[in-house]
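Remarks on the structure that follows.
Since this is a predicted model, take the numbers as computed values, not measurements.
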Amino acid sequence: MKRAPEVAVIQDLSGFGRCSATIALPVLAAMGNRCETLLTAYLSAHTAYPSSDRAVFLDLTDEMTRCSDHWAQLGASFEAIYSGFLGSERQIDVLRAFIARFRRPNTLVLVDPVMGDHGKPYSTYTPALCQRMGALAEQADIITPNLTEAALLLEEPYEAVPSGEAGMAAWLERLSLGGRRSVVITGVSLSNGEVGAGCWDRETGRVSFSQTRQEPAHFPGTGDLFASVLLGSLLKGAPLPQSMERAVSFVQTCAAATLELGTPILDGVQFEPLLHLLMD
C-alpha cells in the first residue's frame, strides 16, 4: 500500500449546506488522500441561503497565520495545496506566504478563485478582494474559475463570455499567463442542453473540452465538487483532460441523482452515496 498524498485544504467551513471543506475533505479522502485543513472562515450556512440577521460569519485570518507557524514546527509537507473560499482581503497575503513557505518542487498548487457566480460577486466578496484574487492566482499551477470568475480575472464584462470553442479557447490561453499555469473554466456550454468545462493544459499547450447533459437545476457547491474531483484525479497521475472529464461526469451524476431524490436545491448535491464511484 502506498502512502497517502497529503493535501493542504484551505477552505471555509459552512455548518449548513454542502460546499467548501464539507465537500473537499470527503472527496479527497475517498480518492486516497490525507487532508490537513486550514480554515479561512466559519459560516453558519453557505451564502446561497437567504440572508438572516442570525447568520454567523467568523473571519479566521489571524488564526491562519498561527496555524501555519504550528504546521511548520510539525514539519508539514504537501503533495498539493488547494485553496477555495477566502474570508477577507488580508487572507490573500496570508495564503501567498503559506504557498511560499510550504511549496516544494513536486507540490501542485490549485487555486479555485471563488468570487461569484451568475455574473455577480458573492455577497461576502468586496471589490478589493476580487481584484486581489488575481495576485493569488498567479501563484497557482492550475486555476478552476467558473465563467463569472474567469470574466473577473480577465477584467471583462460578464456579457463578453464567449459562447463558442474558439472564443473560450482564447480566454483559456489568456488566463494561462503565457503558458505558466493550467486553466480549467467550469460552466462552459457549447450547445443547448449540455454543460461542462474547458481546459488549457500547460504540459501540452492544448485546449480540450468536456460536455455532458445539463440538468434542470443549479446546485450550490458544484464548483467545489468539481475542483476536488479534478485535484484527486491529478494526484493519481491522470492527465488534465482526463481529470476534467472525470470531474464533469461525477458532478452530472450527482446532480441527476439529487434531482431524482427531490431534496432541496440549496442543500447541494447528494454526493455522499456516490463516493464509491471515486474509489479506484
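Side-chain contact between Arg66 and Asp62: absent, with no pair of heavy atoms (C-beta onward) separated by less than 4.5 Å. Side-chain contact check for Pro220 versus Cys19: every heavy-atom pair is 4.5 Å or farther apart. Looking at heavy atoms from C-beta onward, Phe78 lies in side-chain contact with Glu36 at the 4.5 angstrom threshold. With contacts defined as side-chain heavy-atom distances shorter than 4.5 Å, the pair Leu108/Leu231 qualifies. Proximity of Leu39 to Met64: side-chain heavy atoms (C-beta onward) are nowhere separated by under 4.5 Å. In this structure, Leu110 and Ile143 have side chains that are not in contact, with every pair of non-hydrogen atoms separated by 4.5 Å or more. Looking only at side-chain heavy atoms (C-beta outward), Ser83 and Asp112 stay at 4.5 Å or farther from each other. A heavy-atom distance below 4.5 Å is not found between the side chains of Phe102 and Ile99.
Taking Ile, Leu, Val, Met, Phe, Trp and Tyr as members and joining any whose side-chain heavy atoms lie under 4.5 Å apart, directly or through other members, Val195 forms no hydrophobic cluster with any other residue.
Neither Leu177 nor Leu153 shares a network with the other; the hydrophobic side chains, linked directly or stepwise wherever heavy atoms of I, L, V, M, F, W or Y lie under 4.5 Å apart, form separate groups for each. A continuous path of ILVMFWY side-chain contacts below 4.5 Å connects Val94 to Phe98, so both sit in one hydrophobic cluster. Hydrophobic clustering, with ILVMFWY side chains joined whenever heavy atoms are under 4.5 angstrom apart, groups Leu278 together with Leu225. Taken together through direct or relayed side-chain contacts under 4.5 Å among Ile, Leu, Val, Met, Phe, Trp and Tyr, Ile23 and Leu266 form parts of separate hydrophobic clusters. Both Leu95 and Tyr122 belong to a single network of hydrophobic side chains, linked directly or stepwise wherever heavy atoms of I, L, V, M, F, W or Y lie under 4.5 Å apart.
Atom CZ in Arg96 sits 7.5 Å away from atom CG in Leu136 (nearest 0.5 Å). Within the model, atoms CD of Gln91 and CD1 of Ile10 stand 10.0 Å from one another, a figure rounded to the nearest 0.5 Å. With rounding to the nearest 0.5 angstrom, the CG atom of Leu74 is 10.5 Å from the SG atom of Cys67. A distance of 10.5 Å separates OG1 in Thr144 from CD1 in Ile185, rounded to the nearest 0.5 Å. Note that the NZ atom of Lys120 and the CG atom of Leu152 stand 13.0 Å from one another [nearest 0.5 Å]. The distance from atom CD of Glu149 to atom CG of Asn146, rounded to the nearest 0.5 Å, is 3.5 Å.
Each of Leu25, Thr22, Leu58 was scored for a side chain to side chain contact (heavy atoms under 4.5 Å, CB included) with Leu13, with one residue passing: Thr22.
Taking a 6.0 Å sphere around CZ of Arg104, one finds it holds more than 12 heavy atoms contributed by other residues, nucleotides or ligands.
Smallest separation of non-hydrogen atoms from Cys35 and Leu28: SG-CB, 3.6 Å. Heavy-atom minimum distance, Tyr42 versus Gly15: OH-CA, 3.7 Å. Residues Ser233 and Ser243 approach most closely at OG-OG, 2.9 Å, considering heavy atoms. Of all heavy-atom pairs between Ala150 and Pro145, the closest is N-CB, 3.7 Å. Nearest heavy-atom pair, Leu259 versus Ala217, reported as atom, atom and distance to 0.1 Å: CD2-CB, 3.8 Å. The two atoms that bring Asp59 and Ser88 nearest to each other are OD2-CB, 3.2 Å, heavy atoms only.
No side-chain N or O of Thr40 forms a donor-acceptor pair with one of Asp12 less than 3.5 Å apart. Side-chain contact of Tyr82 with Ser228: a donor-acceptor pair under 3.5 Å is present, judged by distance alone. At a cut-off of 3.5 Å, with distance as the only test, a side-chain donor of Arg101 or Ser68 sits close to an acceptor on the other residue.
Within the structure, every pair that satisfies the ring pair (Phe, Tyr, Trp, His ring centres under 6.0 Å) test and touches residues 179-234, not counting sequence neighbours, is listed here: His118-His218. Residue pairs meeting the ring pair (Phe, Tyr, Trp, His ring centres under 6.0 Å) criterion with at least one partner in residues 4-30, sequence neighbours excluded, are Phe16-Tyr49. Screening residues 219-248 for salt bridge (Lys or Arg N to Asp or Glu O under 4.0 Å) gives Arg246-Asp280 as the qualifying pairs, with residues at least two apart or on separate chains. Within the structure, side-chain hydrogen bond (donor to acceptor under 3.5 Å, both in side chains) pairs that include any residue of residues 180-193 comprise Ser191-Glu194 (at least two apart or interchain).
Listed by chain and number, the residues in a salt bridge (Lys or Arg N to Asp or Glu O under 4.0 Å) with Arg3 are Glu6, Glu79 (sequence neighbours excluded). The salt bridge (Lys or Arg N to Asp or Glu O under 4.0 Å) search around Arg103 returns Asp141, not counting sequence neighbours. Scored by the side chain to side chain contact (heavy atoms under 4.5 Å, CB included) test, Ala4 finds Arg34 as partners (sequence neighbours excluded).
A donor-acceptor pair under 3.5 Å is absent between the side-chain atoms of Gln11 and the main chain of Ala41, judged by distance alone.
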Return a table of donor-acceptor pairs under 3.5 angstrom between the side chains of residues 163-175 and protein atoms on other chains or two or more places apart.
residue : atom : partner : partner atom : Å
Arg174  : NH1  : Glu156  : OE2          : 3.0
Arg174  : NH2  : Glu156  : OE2          : 3.3

For residues 268-275, which side-chain donor-acceptor pairs fall under 3.5 Å, sequence neighbours excluded?
residue : atom : partner : partner atom : Å
Gln270  : NE2  : Thr263  : OG1          : 3.4
Glu272  : OE1  : Arg18   : NE           : 3.2
Glu272  : OE1  : Arg18   : NH2          : 3.4
Glu272  : OE2  : Arg18   : NE           : 2.9

Tabulate below the donor-acceptor pairs under 3.5 Å that side-chain atoms of residues 126-134 make, not counting sequence neighbours, or state none.
residue : atom : partner : partner atom : Å
Thr126  : OG1  : Leu129  : N            : 3.1
Arg132  : NH1  : Asp93   : OD2          : 3.4
Arg132  : NH2  : Asp93   : OD1          : 2.8

Show every donor-acceptor pair shorter than 3.5 Å between a side-chain atom in residues 247-254 and any protein atom, with sequence neighbours excluded, or say none if there are none.
residue : atom : partner : partner atom : Å
Gln252  : NE2  : Glu215  : OE2          : 2.6
Thr253  : OG1  : Ser249  : O            : 2.9

Would Leu240 and Ile142 satisfy side-chain contact (heavy atoms from CB on, under 4.5 Å), going step by step from the backbone distance to the final call? CA-CA 10 Å; Leu240 181 59; Ile142 179 170; 3.6 Å; yes

Give the intermediate values and the outcome of side-chain contact (heavy atoms from CB on, under 4.5 Å) for residues Leu230 and Met244. CA-CA 6 Å; Leu230 180 83; Met244 175 181 67; 4.2 Å; yes

